[in-house]
Amino acid sequence: MTDLPTFIAGLPKVELHVHHVGSASPRIVAELAARHEGRSPVPADPEALADYFAFRDFAHFIEVYLSVVDLIRDADDVWLLTHEVARELARQQVRYAELTVTPYSHVHRGIPAPAFCEAIEDARKRAEADFGIALRWCFDIPGEAGLPAAEETLRIALDERPDGLISFGLGGPEIGVPRPQFKPYFDQARAAGLRSVPHAGETTGPETVWDALRELGAERIGHGISAALDPALLTHLAERRIPLEVCPTSNVRTRAVATIEEHPLPQLVEAGVLVSVNSDDPPMFGTTLNDEYAVAARLLNLDPAGVAALARDAVTAAFLEPGERARISGEIDAYAAAATR
Ligand SMILES: O=c1[nH]cnc2c1ncn2[C@@H]1O[C@H](CO)[C@@H](O)[C@H]1O
């Protein structure tokens, strides 16, 4: 029997909640910072970066996140970042990832929408050829930028419509950013065939998750961990198989949860909610997807078979084509059978 970290490292996976800029490795951030030497608060030294990625609270996390977004100035930066993120996911045996990108933030910093979309699409196709990983896009609204950002994000999604685009989201802070105001934009995105995956219940209570379900037609919820406070919501999520995209270490590092031991993941699983495990912004939180599987295994007291079941749940929650879903599930089954023989 292989030890759990080794089992996890080789286990085929999918990742559903991981942010594009949030996945920039210290090396890539340092390289981008060096290009803008002196004009950015982001340290060009990877060591200093670890200290820079220490957050007082969620608002501070968003402030730091946006300082990294500022480093991305042209389509070449976008291409480099995207291709490197794919390399790192593939290194962890990720076969398929739904990457959240925020076009508004980049267009707002001078990268034209067509150039941004061409860069991510070219990097996506090259990553499939180079690393055998399938990337798809979630375009999310940066909530702190409000309705103008919603308008622009929808326009880019519908006008540019890159081949990899499958879903429409809402990120950024929840406090002071009520979800119902975004209903018209989610209605139009869903009418155009995009799947609805807003963040909710990360830094606010269950009512935000209810709003995401009722007003935004959410098919999955980003984080949604405050659902653990509302038994009726837990029942609703479990009965309708509405998945939560849970990112344990993220919640501790942004101070949404005080300690990993207090994380509500066990209550969510206990209530029968379909959960996928994700890394969110791995280098910023000093984690990787494999680390998040190890954290989940510890919190849920899982053996390798239990960890394989967690990976299968993420495949169930993914917006995969049926053939792809069956193929990846089959890979997980074959790997788990061989490793637990
Ligand atoms: O954990 C998270 N919660 C909410 N937003 C996040 C998170 N990680 C990255 N972002 C990103 O923060 C930006 C805010 O403008 C958005 O791009 C959002 O995608």
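Salt-bridge check for Glu128 with Lys125: failed, with every basic side-chain N at 4.0 Å or more from each acidic carboxylate O. The pair Arg126-Asp122 fails the salt-bridge criterion, with no side-chain N (NZ, NE, NH1 or NH2) lying under 4.0 Å from an Asp/Glu carboxylate O. A salt bridge is defined here as a Lys NZ or Arg NE, NH1 or NH2 lying under 4.0 Å from an Asp or Glu carboxylate O, and Arg87 with Asp130 fails to meet this definition. The pair Arg73-Asp77 does not meet the salt-bridge criterion, since no charged nitrogen lies less than 4.0 angstrom from a carboxylate oxygen.
Note: Ile242 CD1 to Leu213 CG = 5.0 Å, rounded to the nearest 0.5 Å. Between atom CG of residue Asp303 and atom OG1 of residue Thr340 there is a gap of 9.0 Å, rounded to the nearest 0.5 Å. With rounding to the nearest 0.5 Å, the separation of CG in Leu299 from CD1 in Ile260 is 5.5 Å. Going from atom CD1 of Ile175 over to atom CD of Glu202 covers 10.0 Å, rounded to the nearest 0.5 Å. Atoms CG and CZ, from Leu237 and Arg220 in turn, are 13.5 Å apart once rounded to the nearest 0.5 Å.
Counting heavy-atom neighbours within 6.0 Å of Asn301 CG, excluding the residue itself, gives a total of 12 or less. Open room surrounds CD on Glu47; 12 or fewer heavy atoms of other groups in view lie less than 6.0 Å from it. Counting non-hydrogen atoms of neighbouring residues, nucleotides and ligands closer than 6.0 angstrom, the NE2 atom of His108 reaches no more than 12 such neighbours. The number of heavy-atom neighbours closer than 6.0 Å to CD of Glu270, taken from other residues, nucleotides and ligands shown, is 12 or below.
Transitive grouping of hydrophobic side chains (ILVMFWY, heavy atoms separated by less than 4.5 Å) brings Phe285 and Val68 into a common cluster. Residue Leu99 is grouped with residue Leu80 when hydrophobic side chains (ILVMFWY) are merged at heavy-atom distances under 4.5 angstrom, including chains of intermediate members. Placement of Leu229 and Leu234 in two distinct hydrophobic clusters is found when ILVMFWY residues are connected by side-chain heavy-atom separations under 4.5 Å, directly or transitively.
Nearest heavy-atom pair, Val252 versus Thr259, reported as atom, atom and distance to 0.1 Å: CG2-C, 3.8 Å. In this structure, Pro142 and Thr102 approach most closely via the heavy-atom pair CD-CG2, 3.6 Å. When all heavy atoms of Ser196 and Leu216 are compared, the pair lying nearest together is OG-O, 2.7 Å. In this structure, Ala24 and Ile28 approach most closely via the heavy-atom pair CB-CG2, 4.4 Å. Here the closest non-hydrogen pair linking Leu4 and Ala297 is CD2-CB, 3.7 Å. Between Gly143 and Val177, the closest heavy-atom pair is O-CG1, 3.5 Å.
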Go through Asp70 and Ser67 one step at a time and tell me if the side-chain hydrogen bond (donor to acceptor under 3.5 Å, both in side chains) criterion holds.
-> CA-CA 5 Å; Asp70 287 340; Ser67 73; over 6 Å; no
Working for salt bridge (Lys or Arg N to Asp or Glu O under 4.0 Å), residues Glu151 and Arg155 = CA-CA 6 Å; Glu151 186 72 44; Arg155 190 194 62 72; over 6 Å; no
Please walk me through it: do Glu84 and Arg27 pass salt bridge (Lys or Arg N to Asp or Glu O under 4.0 Å)?
-> CA-CA 10 Å; Glu84 287 304 306; Arg27 186 175 60 78; 2.9 Å; yes
Check against side-chain hydrogen bond (donor to acceptor under 3.5 Å, both in side chains), Trp137 and Glu98 = CA-CA 6 Å; Trp137 312 121; Glu98 296 177 13; over 6 Å; no
Step by step, work out the side-chain hydrogen bond (donor to acceptor under 3.5 Å, both in side chains) result for Thr316 and Asp313.
-> CA-CA 5 Å; Thr316 301; Asp313 285 346; 4.8 Å; no
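With respect to Glu245, the side chain to side chain contact (heavy atoms under 4.5 Å, CB included) criterion is satisfied by exactly one of Val197, Val275, Ile221, Asp280: Val197.
Residues passing the ring pair (Phe, Tyr, Trp, His ring centres under 6.0 Å) test with Tyr335 are Phe7, sequence neighbours excluded. For Pro180, the side chain to side chain contact (heavy atoms under 4.5 Å, CB included) partners at least two apart in sequence or on another chain are Pro178, Asp211, Glu215. Residues meeting the ring pair (Phe, Tyr, Trp, His ring centres under 6.0 Å) test with Phe186, sequence neighbours left out: Phe168. Among residues two or more places apart in sequence or in another chain, the ring pair (Phe, Tyr, Trp, His ring centres under 6.0 Å) test is passed with Tyr52 by none. Annotation: ring pair (Phe, Tyr, Trp, His ring centres under 6.0 Å) contacts of Phe319 (sequence neighbours excluded): none.
In this structure, a donor-acceptor pair under 3.5 Å is absent between the side chains of Ser23 and Glu88. No side-chain donor from either of Asp281 and Ser279 sits under 3.5 Å from a side-chain acceptor of the other. His20 and Thr100 share no donor-acceptor pair across their side chains, judged by distance under 3.5 Å alone. In this model, a donor atom of one side chain and an acceptor atom of the other lie less than 3.5 Å apart for Thr249 and Glu292.
Aromatic ring pairs are classed by plane angle as parallel below 30°, tilted from 30° to 60° and perpendicular above 60°; the pair His17 and His199 is perpendicular. Using cut-offs of 30° and 60° on the angle between ring planes, the pair Phe55 and His60 is perpendicular.
Distance alone, capped at 3.5 Å, places no donor-acceptor pair between the Thr208 side chain and the Gly201 backbone. At distances below 3.5 Å, at least one donor-acceptor pair connects side-chain atoms of Gln92 with backbone N or O atoms of Asn290.
Counting only residues at least two apart or on different chains, the salt bridge (Lys or Arg N to Asp or Glu O under 4.0 Å) pairs with a member in residues 318-331 are Arg95-Glu331, Glu324-Arg327, Arg327-Glu331.
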